[in-house]
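Remember, it's a predicted structure, so these values are computed and weren't measured experimentally. Keep in mind that the numbers below use all heavy atoms, side chains included, and drop hydrogens, waters and symmetry copies.
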Amino acid sequence: MSMTRVLMGATLIDGTGRAPVPDAAVVIHGDRISAAGPRHAMSWPADALVMDLAGRTVLPGLIDAHDHLASHGYALATRWGLDEPASTAHLRTARVLADMLAMGYTTVRDAGGLDAGFKIAIEQGLIPGPRLVLALQIISPTGGIGDRVSPSGHGCCAVFDPLLPDSVANGPDAVRTMVRTMVRAGADVIKTATTGGASSRPGHGPKDAAFSIEEMQALVAESRALGRRVMCHALGGPGVRTAVLAGVDSIEHGSYLDEEPELMAQMAGRGIVLVPTLTVYVHHRESASPHVRARALALYQHHVATVQRALDLGVPIAAGTDAGGHGHPRNALELGYLVEAGLTPMQALRAATQGAAQCLGLERELGTLEKGRLADLVVVGGDPLHDVKILLDPQRIELVLKGGVVCVDRRAAPSPPPCPPADSPIPR
Ligand SMILES: [Zn+2]
């Protein structure tokens, strides 16, 4: 018989956007929530394990809808895996996964670069980490952002990795084959790109288009046929229109959508989610590459205006950081930027819980603290509605549960100090 656990006395923010419930109880049976609400309205078996959490806030486990967990920098040598052994890069990724879970992120959608072995490793308990929804690679045409040819015209010299298939496809038939290839390699979601971006090569910027409508329609149709959603990197110009018309499920970044209010109205009508990823552009404003810096500076005001218009029009918003290229700062940074862009703290929290779960197509499993959902939740010392930035402080992330299992409990014992780096190496 599975155990019943009760989180009692905290203020409940259930992820739906409803008002917080003070002195709440969340009842967990096995891996799912069996009830959540005001404590006085709840009951539980006498042998339940009760945790008294007065003074804290309980939230659904946080979700980052756009991350690149296996990326550790934009430099070409890093991107191509030339500047360190594959094993240290993998272990670095494993550390990122563990740290993210410890900060209350219980689900992350990887938008390209992470292979399916990491998901297997987490599911088998080999390493701690969030639930993963994987794209594997970015499908684009020749010259698009999934094309890894260097600025000097050389093909990628990285070792061929069958778990991360080459992702360039041209023409509807090749695009369909590529979708099937990604699914065969373990993709949970299909990632594509219909524009360049801030960090893409000179000549393929935020408003430069990639893929025809015929290619995108083929991509979306094949993804649907295989039961996969489509996340599409698109910043502005004609490419973002192609993506919306083809019926992708989410527009990633969408920085210049403010220039296309009619397209945004279509997104609202069709439930196409906007994943703004403000964090990455804040980072790009400091980029060492002049063309990246200029693009990021030019787009940021548009990006903020896009977020505001999305709020006005009712375009669903999901929080994503696009972390990886700029390293892995705390994912909750995005919530602070969303608040600066005009969301209330409650709206920002919803974007990282229910909104992100909807973006992933997992809203019946994750994203809210309601009866029947998987028991992924985080207990925070303090009130994130007063200041979402408390979610950046590891000391405040007191308790993290994934599927009803306690993954982090900082109340019990502070985490053991890591071995110091270069701990007594054997001299040579
Ligand atoms: Zn990305």
Between the CZ atom in Arg109 and the CG atom in Asp64, the distance rounded to the nearest 0.5 Å is 9.5 Å
Examine the side chains of Thr279 and Glu334 and answer whether a donor and an acceptor come within less than 3.5 Å of each other.
yes
Check against salt bridge (charged side-chain N to carboxylate O under 4.0 Å, His left out), Glu222 and Arg180:
CA-CA 8 Å; Glu222 192 61 32; Arg180 293 172 183 171; 2.7 Å; yes
Arg373 and Thr368 side chains, donor-acceptor separation under 3.5 Å
yes
Does Val189 form a side-chain contact (heavy atoms from CB on, under 4.5 Å) with Val230? I'd like the steps, not just the answer.
CA-CA 6 Å; Val189 59; Val230 177; over 6 Å; no
Can you confirm whether the side chains of His233 and Glu252 place a donor and an acceptor under 3.5 Å from each other?
no
Heavy-atom closest pair, residues Ala111 and Lys191:
O-NZ, 3.1 Å
Just by distance, no angles: are the side chains of His326 and Thr321 close enough, under 3.5 Å, to form a donor-acceptor pair?
no
Give a yes or no on whether the backbone of Glu259 and the side-chain of Arg309 come within a donor-acceptor separation of less than 3.5 Å.
no
Any chance the side chains of Thr306 and Gln308 put a donor and an acceptor closer than 3.5 Å?
no
For the pair Ser167 (side chain) and Ile138 (backbone), establish whether a donor and an acceptor sit closer than 3.5 Å, ignoring hydrogens and angles.
yes
Taking the side chain as everything from C-beta on, heavy atoms only, tell me whether Arg131 gets closer than 4.5 Å to Leu366.
yes
Residues His68 and Asp322: side-chain donor-acceptor under 3.5 angstrom
yes
Assess the residue pair Arg176 and Leu219 against the criterion (side-chain contact (heavy atoms from CB on, under 4.5 Å)); give the C-alpha distance rounded to whole Å, side-chain angles, the decisive distance to 0.1 Å, and a yes or no.
CA-CA 6 Å; Arg176 281 183 186 274; Leu219 183 143; over 6 Å; no
Looking at Thr93 and Ala89, would you say the former's side chain and the latter's main chain have a donor-acceptor pair under 3.5 Å?
yes
Would a distance-only check, ignoring hydrogens and angles, find a side-chain to backbone donor-acceptor pair under 3.5 Å from Arg396 to Ile390?
no
Look up atom CG in Leu163 and atom CG in Asp161, then write down how far apart they are to the nearest 0.5 Å.
5.0 Å
What distance do Leu101 atom CG and Ile127 atom CD1 have between them, rounded to the nearest 0.5 Å?
10.5 Å
Any side-chain to backbone donor/acceptor pair from Arg32 onto Lys371? Under 3.5 Å, distance only.
no
Once rounded to the nearest 0.5 Å, what's the spacing between atom CG of Leu360 and atom CD of Glu365?
12.0 Å
Test log, rule side-chain contact (heavy atoms from CB on, under 4.5 Å), inputs Leu136 and Leu114:
CA-CA 6 Å; Leu136 306 183; Leu114 190 71; over 6 Å; no
Apply side chain to side chain donor-acceptor pair (under 3.5 Å) to residues Thr142 and Asn170 and explain how you reach the verdict.
CA-CA 7 Å; Thr142 298; Asn170 296 290; 2.8 Å; yes
I want to check something: taking the side chain as every heavy atom from C-beta on, are Leu263 and Arg241 in contact at a cut-off of under 4.5 Å?
yes
Answer yes if the side chains of His302 and Ser255 hold a donor-acceptor pair under 3.5 Å, and no otherwise.
no
Main chain of Thr106, side chain of Lys402: is a donor-acceptor contact present, judged purely on distance under 3.5 Å?
no
Looking only at the aromatic ring of each residue, does the gap between the centers of His303 and His253 stay below 6.0 angstrom?
no
Sub-3.5 Å donor-acceptor pair from the side chain of Arg56 to the main-chain atoms of Thr11, do we have one?
no
What is the minimum heavy-atom distance between Ala323 and His328, and which atoms define it?
CB-ND1, 3.9 Å
Side-chain contact, heavy-atom cut-off 4.5 Å: Met100 with Leu69?
yes
Quick one: does Pro345's side chain get under 4.5 Å of His386's, heavy atoms only?
no
Can you tell if the side chain of Val378 reaches within under 4.5 Å of the side chain of Leu399, non-hydrogen atoms only?
no
Any side-chain heavy-atom pair from Ser199 and His284 closer than 4.5 angstrom?
yes
Would you say the side chain of Asp312 lies within less than 4.5 Å of the side chain of Met264, judging by non-hydrogen atoms?
no
For the CD1 atom of Ile63 and the OG1 atom of Thr107, what is their distance to the nearest 0.5 Å?
5.0 Å
Of all heavy-atom pairs linking Leu257 and Met267, the shortest is CD1-SD, 3.7 Å
So, do Val248 and Met216 sit near enough that their side-chain heavy atoms are less than 4.5 Å apart?
yes
From Cys359 atom SG to Asp249 atom CG, the distance as rounded to the nearest 0.5 Å:
8.0 Å
Correct closest heavy-atom pair for Gln347 and Gly342 would be OE1-O, 4.2 Å
Could you check Lys207 against Leu235 for side-chain contact (heavy atoms from CB on, under 4.5 Å), going step by step and ending with a plain yes or no?
CA-CA 6 Å; Lys207 292 188 179 181; Leu235 275 71; over 6 Å; no
Gly113 to Asp110 - nearest heavy-atom pair and separation:
N-OD2, 3.6 Å
Look at the side chain of Asp208 and the backbone N and O of Gly196, then say whether any donor-acceptor pair between them is shorter than 3.5 Å.
no
Might you confirm whether atom CZ of Arg364 has over 12 heavy atoms from other residues, nucleotides or ligands at distances under 6.0 Å?
no
Can you check whether Gly239's main-chain N or O pairs, donor with acceptor, with Thr194's side chain at less than 3.5 Å?
yes
Counting N and O atoms only, with roles assigned by atom type, does the side chain of Arg228 sit under 3.5 Å from a partner on the main chain of Leu226, one being a donor and the other an acceptor?
yes
Heavy-atom nearest pair, Leu313 first then Ala265, reads CD1-N, 3.9 Å
Go through Asp83 and Thr78 one step at a time and tell me if the side chain to side chain donor-acceptor pair (under 3.5 Å) criterion holds.
CA-CA 6 Å; Asp83 58 355; Thr78 307; 2.9 Å; yes
Check whether the ring centres of His90 and Phe118 lie less than 6.0 Å apart, and answer yes or no.
yes
